[in-house]
Visitor: 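Below are the C-alpha cells for one structure; questions will follow.
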Amino acid sequence: MKDKTILLVEDNPDDVKLTLRALKKSNIKNEVIVVGDGVEAVDYLFGTGKFAGRDTGILPQVVLLDLKMPKMDGLEVLHRIRADERTRVLPVVILTTSSEDKDKVDSYKLGANSYIRKPVDFNQFVAACSSWDFTGWY
C-alpha cells in the first residue's frame, strides 16, 4: 500500500493519535504520512523543503486536512492544491473541529471533496472513518 498513502495534515498530537487509531479500527490499511502544518503539507505534495527530492509523481490517495494550523492554514493549503495542475483532482477531506459555517462554505468553494467536523466522541469518529472508501479515489 506504499503507493496508496493518506496524507494527514494535523498540528494537534492528540488529534493525530485519534485519527490514526480510528483509521486502524476501521481497517484502513493505507500508510499514513503525518505532517504538522500547512507548509509541510505543501512541501510534501510538491517535493520542496524537507521533502525535496521526493517523487511527486506518487500522490497520496487522499488528503485529510485540518483547517486551523500554524504557518499556513488549511484553506490556503487547499487553494494551493487546487491551483496546481498536478494536484487539482487530488481528493481532499476537510477534517476539523471548526463549526463555523464560513469555513465549511469556503472549503467547498475552494474544491474540498468533503467536510467532516471531528466529533469529540471516539466511537462517532470511528463510524465516520468506517464510511470512507478510498479504493476508488484518485
Visitor: Considering the options V63, V9, V92, which one meets the side chain to side chain contact (heavy atoms under 4.5 Å, CB included) requirement together with L78?
Guide: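 It is V92; the other options fail the test.
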Visitor: List for me each residue that meets side-chain contact (heavy atoms from CB on, under 4.5 Å) alongside K50, sequence neighbours excluded, and say none if there are none.
Guide: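 If we apply the side-chain contact (heavy atoms from CB on, under 4.5 Å) test to K50, skipping adjacent residues, the hits are E40.
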Visitor: Is there a continuous path of hydrophobic side-chain contacts, each under 4.5 Å between heavy atoms, that joins V77 to Y108?
Guide: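 Yes, it is one cluster - the side chains of V77 and Y108 are joined through contacts under 4.5 Å.
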Visitor: With a 4.5 Å heavy-atom cut-off, do L23 and V32 have their side chains touching?
Guide: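 Yes, their side chains come closer than 4.5 Å.
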Visitor: Do the non-hydrogen side-chain atoms of M72 and V42 ever get within less than 4.5 Å of each other?
Guide: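 Result yes, sub-4.5 Å side-chain heavy-atom pair found.
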Visitor: For T56, enumerate each residue passing the side chain to side chain donor-acceptor pair (under 3.5 Å) test, keeping only those at least two apart in sequence or located in another chain.
Guide: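 T56: no side chain to side chain donor-acceptor pair (under 3.5 Å) contacts found.
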Visitor: Working to the nearest 0.5 Å, report the span between OG1 of T87 and CZ of R82.
Guide: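 CZ of R82 is found 7.5 Å from OG1 of T87.
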Visitor: So, applying side chain to side chain contact (heavy atoms under 4.5 Å, CB included) with L65, which one of V93, L7, I94, T96 is it?
Guide: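 So the option named by the test is I94.
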Visitor: Check whether any side-chain heavy atom of P70 sits under 4.5 Å from a side-chain heavy atom of V39, and report yes or no.
Guide: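 No - every pair of side-chain heavy atoms lies 4.5 Å or more apart.
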Visitor: What distance do K109 atom NZ and H79 atom NE2 have between them, rounded to the nearest 0.5 Å?
Guide: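 Taking NZ in K109 and NE2 in H79, the distance rounds to 14.5 Å.
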Visitor: Measure the spacing between CD1 of I58 and NZ of K4 and express it to the nearest 0.5 Å.
Guide: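 Going from CD1 on I58 over to NZ on K4, the span is 11.0 Å.
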Visitor: By the definition side chain to side chain contact (heavy atoms under 4.5 Å, CB included), identify the one residue from V16, V35, V62 that meets it with L8.
Guide: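 Considering V16, V35, V62, a side chain to side chain contact (heavy atoms under 4.5 Å, CB included) with L8 is found only for V16.
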Visitor: How about P60 and I6: do any of their side-chain heavy atoms sit closer than 4.5 Å?
Guide: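 A side-chain contact is absent here, since even the closest heavy-atom pair is not under 4.5 Å.
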Visitor: For a quick check under 3.5 Å, do T48 and D43 share a side-chain donor-acceptor pair by atom type?
Guide: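 The criterion, which ignores hydrogens and geometry beyond distance, is satisfied for D43 and T48.
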Visitor: Please name all residues satisfying side chain to side chain donor-acceptor pair (under 3.5 Å) with D11, sequence neighbours left out, ordered by chain then number.
Guide: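 With neighbours one apart ignored, the set is empty.
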Visitor: For P13, give me all partners under side-chain contact (heavy atoms from CB on, under 4.5 Å), at least two apart in sequence or on another chain.
Guide: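 Testing P13 for side-chain contact (heavy atoms from CB on, under 4.5 Å), a comparison that skips the adjacent residues, returns none.
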Visitor: Excluding sequence neighbours, so at least two apart, what forms ring-ring contact (aromatic ring centres under 6.0 Å, His included) with F51?
Guide: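 For F51 the ring-ring contact (aromatic ring centres under 6.0 Å, His included) partners, ignoring immediate neighbours, are Y44.
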Visitor: With sequence neighbours left out, write down each residue that passes side-chain contact (heavy atoms from CB on, under 4.5 Å) with L75, or none if nothing qualifies.
Guide: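 Scan of L75 (side-chain contact (heavy atoms from CB on, under 4.5 Å), adjacent residues dropped) gives L67, D73, D103, D106, S107, L110.
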Visitor: How long is the span from the CD atom in E31 to the CD atom in Q61, to the nearest 0.5 Å?
Guide: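 These two atoms lie 12.5 Å from each other.
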Visitor: State, with a plain yes or no, whether a side-chain heavy atom of R86 is found less than 4.5 Å away from one of L45.
Guide: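 Answer no - side chains too far apart.
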Visitor: Just verifying a value: how many Å separate D15 CG and T97 OG1, rounded to the nearest 0.5 Å?
Guide: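 D15 CG to T97 OG1: 7.0 Å, rounded to 0.5 Å.
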Visitor: If you compare all heavy atoms of D66 against all heavy atoms of E10, which two are closest, and at what distance to 0.1 Å?
Guide: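 Looks like OD2-OE2, 3.2 Å.
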